[in-house]
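Below is one structure, written out as structure tokens, with a few remarks after it.
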Amino acid sequence: MIDPKLLRDAPNDLRAAQERRGESPAIIDDLIRADEARRSTIAQFEAVRSEQKSMGKLVAKASGEEKAALLARTKELGTAVKEAEAAQRAAGDEFTVLLKSLPNPASPEAPPGGEDDFIVLEEVGTPRDFEAEGFTPRDHLELGELLGAIDMERGAKVSGARFYYLTGVGAQLELALTQLAMSTAAKWGFTPMIPPALVKPQAMEGTGFLGQAADDVYHLDKDDLYLVGTSEVPLAAYHGDEILDGATLPKRYAAFSPCFRREAGSHGRDTRGIFRVHWFDKVEMFIYTTLDQAEAEHRRLLAWEQEWLNMLELPYRVIDVAAGDLGLSAIRKFDCEAWIPTQGKYREVSSTSNCTTFQARRLDTRVRVTQGEDTEPAATLNGTLCAMTRTIVALLENGQQADGSVKLPAALHPFLGEVLRPLES
RNA sequence: GGAGAUAUCGCAUAGUGGCCUAGUGCGCCCGCCUGCUAAGCGGGUUGAGGUUCAAACCUCUCGAGGGUUCAAAUCCCUCUAUCUCCGCCA
């Protein structure tokens, strides 16, 4: 949700931002009309309500005929107040619904265009040349089966397509990554968190996942709870309805949670292995700060994501996601994409978004920067530290050797040794 | 799942239909006084929204949402959370 005052103060900026996303600016004019309707119904309600209150005081003091006459008038006022209140609410609701459907204005620095119009900011590391090494790389599933690390067949048997078991060293690998990611984040100053993975509609809605992304979300009808697709949701809602003390900012949290995604729009894509699944575990970074610090924190998040990939010794690139490919809440997004040898391309393993005050306005998270001053909406940012399944895919494929064994990065040696070896057949 | 209780400003409390424009204490902020400190004295102190050049004014906000009434913190209904006990359970 944007600052409604922008509709009056800077409508042209908002129209331009819509066009950067490749969306119609007409909604801005709808919003301006709805805002005017809202404000005029508020004025009408307040006028009759004010009269009702002062008349009510006269009633309390009056008696006899005088009182009867007053009561006749106040009775009329009573209905007028109810009507005006209903009109105010209707206009307010209409405005809010429209306002919430408006995406966060894309940053002017975000590349214009859609999904394919990203800009590559940086490439780090060099993909291995398997041809030169003299063997054809196996894909992560083949390797996972050789190592006894991944069991897709039984995942499908028990839970259906896009489910898996991590077994043996696969399970150990996730636990090692989790432990390494959480402790590394703690060292960077993040507070480790384990949040709930089931949330109320308000949390889901507040983070912007019930708009166009709603099809991708699991919902439990009987309990009206949602399974989160990322711990961004419970972390953003964590300080909802709160006023944060500016002196405590930035607040940085790192959360481990399962993530559930229906993958509604991706039938047939990435069907092999654990690259795209309905459930995976993830360590997510989340930051609360003030608007003026948001961009700097966004750069820090990206730097931490890169440091993590460097620790894992993976070749990757960083892209600046185009405006048309941003989620509802973000003004700018950077993705880190690891090289996947058997796909011959870079694929997303982490992503960081600057949501400015968009989510905080919806969730009512405010900051009092200085004692005695007015509050302002907080700014929120999120970034992946380690999405387990995709990280495992990248580690297996990039670390593999001709015999099917997998060399691990030094950071994982304390947990799993230097090499994962195929099971005895 | 069953029975009962509770929910008021940062905290603690008062408030059983109009005198609530929600009082008081603590805490906090500003000032005064006291040659330091403490005490004392005076004032301020929920959060939103609207009108407005501004000063100021108005509206909403007593867990949430409905209802009754000319008028609701107060009466009624529903929901949520917390506490106590019972049952079940990792």
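Reminder, nothing fancy here: chain letters follow the sequence lines and each chain counts from 1. Nothing here was measured: the structure is a model prediction, and the numbers come from that model.
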Using only atom types and a distance under 3.5 Å, with no angle test, would you say the side chain of A/Thr289 pairs donor to acceptor with the backbone of A/Ala294? no

Sub-3.5 Å donor-acceptor pair from the side chain of A/Ser50 to the main-chain atoms of A/Ala47, do we have one? no

Quick test: give all pairs of protein nitrogen or oxygen and nucleotides 17-20 of chain B nitrogen or oxygen below 3.5 Å, distance rounded to 0.1 Å.
| from | atom 1 | to | atom 2 | distance (Å) |
| --- | --- | --- | --- | --- |
| B/G18 | N2 | A/Gly56 | O | 3.1 |

On RNA chain B, check which nucleotide each of A/Asp364 and A/Thr74 is closest to and give me the residue with the more 5' one. A/Asp364

Nearest whole angstrom, please: distance from the P of B/G49 to the CD of A/Glu46. 12 Å

Base paired to B/G25 (Watson-Crick or G-U; both N/O distances under 3.5 angstrom): B/C11

Distance below 4.0 Å between A/Arg38 side-chain N/O and B/G49 OP1 or OP2: no

In this structure, how many angstroms lie between the P atom of B/A64 and the CZ atom of A/Arg89, rounded? 14 Å

Same-atom distance (C1') from B/G27 to B/U46, integer angstrom: 15 Å

If we take the C1' atom in both B/A55 and B/U51, what is their distance in whole Å? 13 Å

Can you tell me the distance, in whole Å, between the NZ atom of A/Lys200 and the P atom of B/A64? 13 Å

Against the six-membered ring of A/Phe275, is A/Arg390 placed for a cation-pi contact (under 6.0 Å from the centre, within 45° of the normal)? yes

Donor-acceptor under 3.5 Å (A/Asn398 side chain, A/Trp339 main chain): yes

Per atom distances to the A/Arg8 side chain, the nearest of B/U69, B/G47, B/U51 is B/U51

At 4.0 Å (heavy atoms only), tell me whether A/Gln52 reaches a base, stays on the sugar-phosphate, or touches nothing. sugar-phosphate

Atom P, compared across B/U80 and B/U21: separation rounded to whole Å: 33 Å

With no hydrogens and no angle check, just 3.5 Å: does a side-chain donor-acceptor pair link A/Glu397 and A/Thr342? yes

Any N/O pairs under 3.5 Å between the protein and nucleotides 9-12 of chain B? List them or say none.
none

Considering only atom C1', compute the distance from B/C79 to B/U24 and round it to an integer number of Å. 33 Å

Identified pairing partner of B/C57, criterion: Watson-Crick or G-U wobble below 3.5 Å: B/G50

In Watson-Crick or G-U wobble terms, both distances under 3.5 Å, what is the partner of B/G87? none

Any chance CD of A/Glu313 has more than 12 other-residue heavy atoms, nucleotides or ligands included, within less than 6.0 Å? yes

If we call it a pair only when both distances are under 3.5 Å in a Watson-Crick or G-U wobble match, what pairs with B/C20? none

Which label fits A/His278 and A/Phe163: parallel for a plane angle under 30°, tilted from 30 to 60°, or perpendicular past 60°? tilted

Counting any heavy atom closer than 4.0 Å, what does A/Arg361 reach on the DNA or RNA strands: base, sugar-phosphate only, or nothing? nothing

When you check the phosphate oxygens OP1 and OP2 of B/C58, does a side-chain N or O of A/Arg49 lie under 4.0 Å from one of them? no

On the nucleotide B/C60, are OP1 or OP2 found under 4.0 Å from the side-chain N or O atoms that A/Lys53 carries? yes

Looking only at non-hydrogen atoms, find the nearest pair between A/Ala323 and A/Arg21 and report the distance. O-CG, 3.5 Å

If you count every heavy atom of other residues, nucleotides or ligands that lies below 6.0 Å from A/Arg15 atom CZ, does the total exceed 12? yes

Strictly distance-based, threshold 3.5 Å: is any side-chain N or O of A/Arg49 a donor or acceptor partner for the main-chain N or O of A/Val81? no

Between atom CZ in A/Arg39 and atom C1' in B/U51, what is the gap in whole Å? 10 Å

Between A/Asp35 and A/Gly78, just flag the one whose closest nucleotide in RNA chain B comes earlier from the 5' side. A/Asp35

If we call it a pair only when both distances are under 3.5 Å in a Watson-Crick or G-U wobble match, what pairs with B/U6? B/A81

Rounded to whole Å, CD of A/Glu36 lies from P of B/G49 at a distance of 19 Å

side-chain N/O A/Ser50 vs B/C58 OP1/OP2, d < 4.0 Å: no

Check: A/Asp364 side chain, A/Asp241 main-chain N or O, donor-acceptor pair, under 3.5 Å: no

Between B/C58 and B/G63, how far apart are the two C1' atoms, rounded to whole Å? 27 Å

Can you tell me, in whole Å, how much space there is between the P of B/G65 and that of B/A56? 31 Å

In whole angstroms, how far is the C1' atom of B/G49 from the CE atom of A/Met1? 13 Å

Take atom P in B/U68 and the same atom in B/C85, then report the distance between them in whole Å. 41 Å

For A/Phe95, look at atom CZ and say whether over 12 heavy atoms of other residues, nucleotides or ligands are found less than 6.0 Å away. yes

When you check every protein heavy atom under 4.0 Å of nucleotides 73-79 of chain B, what one-letter string (B, S, -) results, 5' to 3'? -------

Taken to the nearest whole Å, CZ/A/Phe45 to P/B/G49 is 16 Å

Which base, if any, makes a Watson-Crick or G-U wobble pair with B/G31, both distances under 3.5 Å? B/C41

Do A/Arg362 side-chain atoms and A/Glu205 backbone N/O form a donor-acceptor pair below 3.5 Å? yes

Specify the closest pair of heavy atoms between A/Cys336 and A/Gln306, including all atoms of both residues, with the distance to one decimal. SG-CG, 4.4 Å

Using the C1' atom in both, what is the distance from B/U69 to B/G31, to the nearest Å? 47 Å

Between B/G50 atom C1' and A/Gln88 atom CD, what is the distance in whole Å? 9 Å

